[in-house]
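Here the structure is laid out as structure tokens; the discussion comes afterwards.
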Amino acid sequence: MAGWVFVDEILASDEQSVRALCPGDPAVGWRQAMRRAIRDPKELCRRLELPVSLGNSGAAEAFPVFVPLEFLSRMRVGDPSDPLLRQVLAAEPETHSPAGFVSDPLDEQKASPLPGLLHKYHGRALLVTTGACAVHCRYCFRRHFPYQSVPKSAAAWAPAVSHIQADSSIEEVLLSGGDPLTLVDSLLGQLVHSLDAIPHIRRLRFHTRLPIVIPQRVTDQLLELLTELRATPWMVVHCNHVAELDEATLAALGRLIDAGIPVLNQAVLLRGVNDSVEALEQLSLRLVDHRVQPYYLHQLDRVQGAAHFEVSEAEGRRLIAELRTRLPGYAMPQYVRELPGEASKMPVE
Ligand SMILES: *Cc1c(COP(=O)(O)O)cnc(C)c1O
Ligand code: SF4
């Protein structure tokens, strides 16, 4: 059973009027943008003038398609190998399951003291705040995560918050998911303030794809919430290809940075998306041109349904060695993989 939840539950209370505006229009609120996201692989193909046979509904049953128009608008029409489309279109190869590709590749359920809390690394705990995302990435390592057990109200987070409060070795909380910024500001605010009130928490880190996918999410209200914290906020966004960085997205990242919030980017090395030196170079350069620091380049986690995205580590090492000859040192992401049971992400060497 796939663990995803649709964002509808979270958005149900929202009564913004429906307006027919163009994709990327800043007048479309972020929740509205989520509500009108494409959820049918055939519709995605039709919008891009591609044969509908490319979209595989069987694969979409196990993990539904979810693509906001803001993200769709950055894809090339008529190109079945567009690097953004490839990340989000439910495709036939997902239904193949080679040996070694499993539902919980990181054995995360073992590192979970409570539903929704992962404590694997020294000083840092990860809170799975929600099962909802602003886009469904086909290679996602948490595509089979048991999100049903994730708290869905501020009160339901209380046990995780108490656990963090009782363990003074935890000085940083990562808000992850799903995507924590799919939470409406009132709910996010309650959670964030309850964590901010714990004296030994020094940093709150948000792992999110929302500023990339739906840049309207970076609202004044969000900036206010983040800049009024006692703890230091850090933002880790997730962008795999330079074409994801359109003007509206770069402006949203700029607003976060202007507000004093450090922004890092993590990417996943993906076959057919960014598995060339040029693609990785362009991504890093565009990020640093806009003050965003490349952080990690992840080796793909071997999750069921994602085998066709895998780039071998030998190939990855070759790409990284070449990339190093082209980029300033500060623009180099760390090429890492995650191994169950290890005390940190491991450099691929
Ligand atoms: C990746 C991860 C972290 C953060 O690791 P950093 O190397 O600090 O970015 C923390 N907790 C869990 C469970 C993780 O998977
Ligand atoms: S946004 Fe992150 S958590 Fe959500 S589907 Fe994509 S990779 Fe997975």
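We're numbering straight along the sequence, starting at 1. Atoms within each ligand, like the ligands themselves, are counted from 1 in listed order. Because the structure is a prediction, the values reported are computed rather than measured.
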So which of Gln299, Arg337, Arg318 actually passes side-chain hydrogen bond (donor to acceptor under 3.5 Å, both in side chains) with Glu313?
Arg337
Can you spot which of Arg286, Arg209, His238 makes a side-chain hydrogen bond (donor to acceptor under 3.5 Å, both in side chains) with Glu244?
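Answer after filtering Arg286, Arg209, His238: Arg209.
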Residues in contact with ligand 1, criterion: heavy atom under 4.0 Å
Leu118, Lys120, Tyr121, Arg124, Leu126, Leu174, Arg205, Tyr295, Tyr296, Glu338, Lys345
Between the side chains of Glu310 and Arg271, is the shortest nitrogen-to-carboxylate-oxygen separation below 4.0 Å, so that they form an ion pair?
no
For Glu70, is there an ion pair with Arg217 - N to carboxylate O distance below 4.0 angstrom?
no
Per-pair distances, 0.1 Å, donor-acceptor, side chain in residues 219-226, under 3.5 Å, sequence neighbours excluded:
from	atom 1	to	atom 2	distance (Å)
Thr219	OG1	Leu222	N	3.1
Asp220	OD1	Arg255	NH2	3.2

Please determine whether the number of non-hydrogen atoms from other residues, nucleotides or ligands lying under 6.0 Å from atom CZ of Arg291 exceeds 12.
yes
Val135 near ligand 2 by a heavy-atom separation under 4.0 Å:
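Contact present.
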Assess Cys137: does it contribute an N, O or S atom lying under 2.8 Å from atom 6 (Fe) of ligand 2?
yes
Show which atoms of ligand 2 fall inside a sub-4.0 Å distance from at least one heavy-atom site of Cys133.
1 (S), 3 (S), 4 (Fe), 5 (S)
I need the atoms of ligand 2 closer than 4.0 Å to a non-hydrogen atom of His238, numbered in the order shown.
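This gives 7 (S) as the contact atoms.
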Shared hydrophobic cluster, Tyr295 / Leu283 (ILVMFWY, side-chain heavy atoms < 4.5 Å):
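Different clusters: Tyr295 never reaches Leu283 through Ile, Leu, Val, Met, Phe, Trp or Tyr contacts under 4.5 Å.
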So Met75 and Leu48, do their side chains get closer than 4.5 Å, heavy atoms only?
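Touching, per the 4.5 Å side-chain cut-off.
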